[in-house]
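Some notes on the structure that comes next.
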Amino acid sequence: MPSIPPELCARCKGYKLLCGLPRCPILERFRVQVNAVQRINGKDVVGSTPPSVLVGEYGYPKVSFYYMVPPGKSSDEAAYYDAPKLWAERRETLGNIVKLRGEMVSAYVRLDVNEPWRLYETELGLASLSERPVESDVLLKSLPLPQLKFDGMTKPMGPRAPAEKVIVSGAPKLQRKAEEAIWDDAKAEDIIWELYQAGVDVYKIQDMLSLGFLGRLRARKLVPTRWAITAVDDIISRRLRREVRDFRSVDSVEAREAEYLGNRFLVILMPGEGTFEWIEVWHPRGLWTQQAERPIVERVEEDPLGRASAMDGGFSAARLAVLEGLRSSAKKADVVILREILPTYYAPVGNWHIRETVRRAMSSESKVFDSVQAAAEYAASWLRASPQGVLAQSSLLGFRARQRRLTDFLR
C-alpha cells in the first residue's frame, strides 16, 4: 500500500492536515503517550495489567516481550484498556481506543523464542493470561519516551522502555480450562480447538499460543503476536469448515451488513459448497492510500477445501466470524465478504474490529434476494466507492471468470 510521504508530514507538521485525514495520527498518538509519561513517578510504574501483553517479531528468534500497565489504574478501569469485545459492544470511538492504548506503559524484556520457560519461572506468564486485572509494580531501566508505531494486525501500544524488574503483586486468576491446557502435552492445534469449544475467549487463546503455553511440552516456543492471531483464526476456521461442510446449503441469496470504526462490511451468502471471496476496498486519502487517485481493491479467494489464493490476516478474522454464524444456523454457503475502508479510519487499531464487526453482521437481520444478480445490484448500491472497479473483481457475483477446481466436479 502507498503511504503518506514523509515530505508531506514534514511540511504539514500536523496542523495543516495536508494529508486530508480528520486528525493527525502522529500528534494524536504523541499527545496520549506524553500524558501517560507524566503520570509516572520516576522509573516506577504501578497499576494493574488488564492483562495486556505482546510478543514482537523484530530480531526473531530473539524477540521482545511487552508487559503493559496503565499507570495508576486497577480493577475494571484497568480491564477496559484491553477489551476488544466490550469496545465493539459499546461502539467505542476510534479516538478513545487510541487514547486508552496509548496511555499504557509497555515494559519489555528480550527473550529467545526457544525459552518460554522464562515466563513460566515467574508469575509474568500467568498474569498475562489472567481473567481479571493483576496488580503489578514495574521498575524501568529508563524513562519511557513516546514512540510512534501503528500496526494493522495488533492493538496500538503506548510508550515503551526496558524493564529492570516486574513484580506481580496481585493474584492471577485463570479460567479452569485454560489452566489445564497449560500442562496438556498435545498438539497446539488440538488444544486450541478444545479451548474454543469450551468457551475460552479467542483473544485469550491467541495470547496462550503467543506466550508458548500451548503444544507439546518439549517443543513449545514463543510466537510473535501477529503470527499467533492469524494462526488461531486459521486453526479454528479449519475445524469449523469440517463441520459446516456436512450441512445443507442455504437455499436463498441473502446479505448482512455492519459498520464500525470507518469500516463497512457486507456479507453475501448464496447456495454453494463453501467458497469464500474477500474483497477489500481502500478509499483514497486514507492512512495508507494518500497517493492513490482511485480506490485500491484487494481480493482473496478460498475454495471449499480451505486453499486460499493469498494469506491475509483481515480475511482470516472475517472468515472465522462467518463460519461461526454458519455453524450456528447449521448451513453452508458460498460467501462474498466486502470490506470498505473509509478515510475516517485514520489510525489502525488491530484486526479485532474486523472479527467483531463481521460477527455482528452475521447476527443481524438479513436481506433476501431472488438471485445472485439482485444481490450484486444491492452490493453496487451499498458501496460508497464506484462499484465498477470493485465488483468486477468478484467471481462469485458473476463478474469475473472463475477457475474450475476439482471440487466443482465432485458435486
Side-chain angles (χ1 to χ4, degrees), residues 1-6 8-9 12 17-26 28-29 88 93-95 97-98 149-156 226 229-230 233 255 257-268 276-302 308-319 321-322 335-358 361 376 379-397 399-400:
M1 292 284 183
S3 59
I4 301 174
L8 186 64
C9 292
C12 173
L17 297 180
L18 298 179
C19 60
L21 299 177
R23 300 174 187 170
C24 173
I26 297 174
E28 190 75 4
R29 186 68 172 274
T93 66
L94 184 60
I97 292 170
V98 173
K149 178 184 177 185
F150 287 93
D151 190 320
M153 282 286 290
T154 60
K155 296 182 285 291
R226 285 165 51 93
I229 290 171
T230 300
D233 282 342
E257 58 193 82
E259 180 175 349
Y260 182 44
L261 299 181
N263 282 249
R264 308 176 70 234
F265 294 89
L266 180 67
V267 181
I268 301 174
F276 274 75
E277 194 170 53
W278 164 258
I279 300 176
E280 270 188 339
V281 187
W282 293 84
H283 278 249
R285 304 190 69 75
L287 188 62
W288 290 295
T289 55
Q290 285 301 297
Q291 297 175 346
E293 297 180 356
R294 59 180 62 87
I296 294 175
V297 181
E298 300 289 337
R299 176 181 178 273
V300 176
E301 183 177 356
E302 183 176 88
S309 60
M311 293 185 64
D312 186 286
F315 167 59
S316 293
R319 178 191 54 200
V322 172
V335 182
V336 176
I337 309 171
L338 287 173
R339 177 193 181 193
E340 189 169 30
I341 304 97
L342 307 178
T344 51
Y345 186 55
Y346 64 86
V349 291
N351 71 7
W352 59 267
H353 72 91
I354 297 175
R355 192 179 300 102
E356 296 306 321
T357 310
V358 177
S381 65
W382 175 87
L383 283 165
R384 296 184 185 176
S386 173
Q388 288 79 11
V390 176
L391 298 184
Q393 302 291 321
S394 176
S395 60
L396 288 178
L397 293 179
F399 294 96
R400 173 177 175 153

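Predicted, not measured: the structure shown is a model, and the values here were computed from it.
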Partner residues of Arg264 under the side chain to side chain donor-acceptor pair (under 3.5 Å) criterion, sequence neighbours left out: Glu340
Parallel, tilted or perpendicular: ring planes of Trp278 versus Phe315, cut at 30 and 60 degrees: tilted
Closest contact, heavy atoms only, Val358 versus Ala318: CG1-O, 3.8 Å
Trp352 CH2 to Thr154 OG1 distance, which is reported to the nearest 0.5 Å: 12.5 Å
Euclidean distance, Ile341 CD1 relative to Arg384 CZ, rounded to 0.5 Å: 12.5 Å
Ser394 versus Glu277, side-chain donor and acceptor atoms under 3.5 Å: yes
Validation row: Ile337, Ile279 side chains within 4.5 angstrom (heavy atoms): no
Pairing residues for Arg294 by the side chain to side chain contact (heavy atoms under 4.5 Å, CB included) criterion, not counting sequence neighbours: none
Sidechain-backbone polar pair: Arg299 side chain, Gln393 backbone, donor-acceptor under 3.5 Å: yes
Ala379 versus Leu338, closest heavy-atom pair with distance: CB-CD1, 4.0 Å
Distance (rounded to the nearest 0.5 Å) between Glu259 CD and Leu266 CG: 11.5 Å
Min side-chain heavy-atom separation Ser386-Pro295 under 4.5 Å: no
Under 3.5 Å: donor-acceptor pair, side chain of Ser309, backbone of Glu301: yes
Pair Ile229-Arg355, side chain to side chain contact (heavy atoms under 4.5 Å, CB included): steps then yes or no: CA-CA 11 Å; Ile229 290 171; Arg355 192 179 300 102; 3.7 Å; yes
Distance, nearest 0.5 Å, that separates CD1 of Ile354 from CG of Asp312: 7.5 Å
Shortest non-hydrogen contact from Phe399 toward Leu391: CB-O, 3.1 Å
Shortest non-hydrogen contact from Pro156 toward Pro348: CG-O, 3.8 Å
Minimum heavy-atom distance between Val322 and Phe276, given as atom pair plus value: CG1-CE2, 3.8 Å
Minimum-distance pair of heavy atoms, taken over all atoms of Ala385 and Val281: CB-CG1, 3.9 Å
Pairwise distance CG(Leu342) to CG(Leu261) - rounded to 0.5 angstrom: 11.0 Å
Residues Arg339, Thr357; criterion side chain to side chain donor-acceptor pair (under 3.5 Å); working and verdict: CA-CA 11 Å; Arg339 177 193 181 193; Thr357 310; over 6 Å; no
Test of ring centre spacing under 6.0 Å for His353 and Tyr345: yes
Step-by-step side chain to side chain contact (heavy atoms under 4.5 Å, CB included) determination, Thr230 to Met153: CA-CA 9 Å; Thr230 300; Met153 282 286 290; 3.1 Å; yes
Criterion side chain to side chain contact (heavy atoms under 4.5 Å, CB included) on Val98 and Val349, from CA distance to verdict: CA-CA 7 Å; Val98 173; Val349 291; 4.0 Å; yes
Atom pair CD (Glu257) and CZ (Phe265), whose distance is rounded to the nearest 0.5 Å: 12.5 Å
